[in-house]
Number of protein chains: 2
Amino acid sequence: MIKYSNQTRILVAVDCIILGFDGKDYKLLMVQRGFAPEKEKWSLMGGFLQPRESLDEAAVRILKQLTGLENVYLEQMHTFSSPNRDPVERVVGVVYMALIDIEKYERQINDDFHARWFLMKELPQLIFDHEEMVQMALNRLRYKAALHPILFELLPEKFTLPQLQALYEGLFDTKIDKRNFTRKLLSSKILTKKEEKDKSSSKKGAYFYSINEAIYRDNGQAMLNLIPRNEIPAATE
Amino acid sequence: MIKYSNQTRILVAVDCIILGFDGKDYKLLMVQRGFAPEKEKWSLMGGFLQPRESLDEAAVRILKQLTGLENVYLEQMHTFSSPNRDPVERVVGVVYMALIDIEKYERQINDDFHARWFLMKELPQLIFDHEEMVQMALNRLRYKAALHPILFELLPEKFTLPQLQALYEGLFDTKIDKRNFTRKLLSSKILTKKEEKDKSSSKKGAYFYSINEAIYRDNGQAMLNLIPRNEIPAATE
DNA sequence: CCAAAAGTGTTAATTGTACACCCATGA
DNA sequence: TCATGGGTGTACAATTAACACTTTTGG
């Protein structure tokens, strides 16, 4: 078939912002670039869009390759396109954000890529425009998490309310009143209380909860003002 | 300089969803495709990303070409990438949404493109995945407009409260109580009342307002619950 | 028995919603 | 003078925010 003539074809890359939470801090999984330029500097995990796959598929593929994980929260975020963002040749970069349970991450898988978790607070210098990508992702996540229940994507299937609260407090760098937090969360009905307790972080133990899938699917986008209004960040484009 | 080898380069297109409001209805500006396949079917205005421009620049260029307008509200929305979305050859499509004052649209400019405004309610069949793009844009706009003051981007610099309300009622297909609407809007301080009245739609006349740029810049992302909660749509990815 | 973390209730302030009448004017 | 659309206020409901003490239990 005839093609579009006289147009420039461009490399399209998918870059994944893979976020985890270790109970205290947010972490970002990055890989060490194996080739020049900027060899051995740190980079988001990425790859080129292949002929027969969509961007979503590419993101899933890349995430699987690096972490061994599938069925992970993954969202297309923004496409970066400044003409010189990659000095080798022009590359349009589509950024995806993934929220993973850091415990499920399989250490061995990444050896090929020299992957490493960095504390979000202590990122090294990143290549190209990857810092801008990370900043945008954080802003988006803050915006979204302030209104919708998504942060538990960073926790195991069973988690405690104090864990969930730590997640919010870390992201917004603020203290939240646990009574208000608990009440709002429970009134949404998206959590199911288990019999079982987690005694790993206290003597008394905290009840485990899990997501009520039915309500979450129907109503996962429910507005849920877990963050006091004056802590909510501005919208992001 | 050495290039990335063995990778497939792909056409990147920018497609613009250009929204206007005629006082009663939302409208979408579309062009008639001038070549096969799907020749003479309707399409979003688009174009290929050029070697030396960013996507934002391409969107601005395309918008200018078609409408003659600059300095318009323009936002990158989503990138579409299914491998066969364009039957001619693979094209990754980055969608932008533009909100324009329909009155400023210059009719003569578009003659080359066979452009036409369609009522959002009465769209013709669109090419490729353009209908999906339009649906996503509408959802995004609803979501964003429910929380943030952006719809006046569709109105002239001076506008009346009834006009603004019509905009919200049209987008959400609902009636809004004008007392509550006015109070919320004015309490945000983003509007400045003019002396002047618009007598074009009533005998009494409605006061003109304009955006208070200072407050809007600082606080343009302010939460502003102009839409009753039960009318707010779900979040969009 | 005590330190450390989990769990729980009440009140006041703010915000949201429902509702109806008067006003100004051009025709 | 009247039909049309514009402007305004109040009361009740719902949500949010601020606040501190008791419970459990492993060491």
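Residue numbering restarts at 1 for every chain, and letters A, B, ... go by the order of the sequence lines.
Taking the side chain of B/Ala206 as heavy atoms from C-beta on, and the options D/dG7, C/dT8, D/dG5, the nearest nucleotide is D/dG7.
Checked for salt-bridge contact, A/Arg179 and A/Asp177 meet the test: a charged N lies under 4.0 Å from a carboxylate O.
A/Lys193 forms no cation-pi arrangement with A/Tyr209, by the criterion of a distance under 6.0 Å to the ring centre and an angle within 45° of the ring axis. In this structure, B/Lys194 fails the cation-pi test against B/Phe208, since its NZ or CZ atom is not both closer than 6.0 Å to the six-membered ring centre and inside 45 degrees of the ring normal. The side-chain tip of A/Arg116 points at the ring of A/Phe118 from less than 6.0 angstrom away and within 45° of straight on.
Rounded to whole angstrom, the span from the CG atom of B/Asp198 across to the P atom of D/dT4 amounts to 19 Å. Atom NZ in A/Lys194 sits about 19 Å away from atom C1' in C/dA6, given to the nearest Å. As rounded to whole Å, 12 Å separates atom C1' of D/dA11 from atom CG of B/Asn180. Counting to the nearest Å, the P atom of C/dA5 and the CG atom of A/Leu164 are 19 Å from each other. Between the OH atom of A/Tyr207 and the C1' atom of D/dT23 there is a distance of 11 Å, rounded to whole Å. Atom-to-atom, CD of B/Gln163 to P of D/dG7 comes out at 11 Å; the value is rounded to the nearest Å. Between the P atom of D/dG5 and the NZ atom of B/Lys24 lies a distance of 12 Å, rounded to the nearest Å. Put simply, CG on B/Asp177 is 11 Å from C1' on D/dT8, counting in whole angstrom units.
With hydrogens and angles left out, the side chain of B/Arg183 and the base of D/dT10 share a donor-acceptor pair within 3.5 Å. Contact annotation: side chain of B/Lys204 to base of D/dG7, donor-acceptor pair absent below 3.5 Å. Between the side chain of A/Arg179 and the base of D/dA18 there is no donor-acceptor pair of N/O atoms closer than 3.5 Å. In the interface, the side chain of B/Lys184 is not paired with the base of C/dG16 through any donor and acceptor atom under 3.5 Å apart.
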**Request:** Please lay out, stage by stage, how B/Asp198 and B/Ser200 fare under the test side chain to side chain donor-acceptor pair (under 3.5 Å).
**Result:** CA-CA 6 Å; B/Asp198 168 32; B/Ser200 69; 2.7 Å; yes
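Sequence order on DNA chain C of the closest nucleotides to B/Gly205 and A/Tyr209 puts A/Tyr209 first from the 5' end. Both B/Lys199 and A/Lys193 sit near DNA chain C, but only A/Lys193 has its closest nucleotide nearer the 5' end.
OP1 and OP2 of D/dT8 both lie 4.0 Å or more from every side-chain N or O belonging to B/Lys178.
Within 4.0 Å (heavy atoms only), A/Thr160 reaches no atom of the nucleic acid at all. If you check every strand for non-hydrogen atoms under 4.0 Å, A/Lys197 touches nothing.
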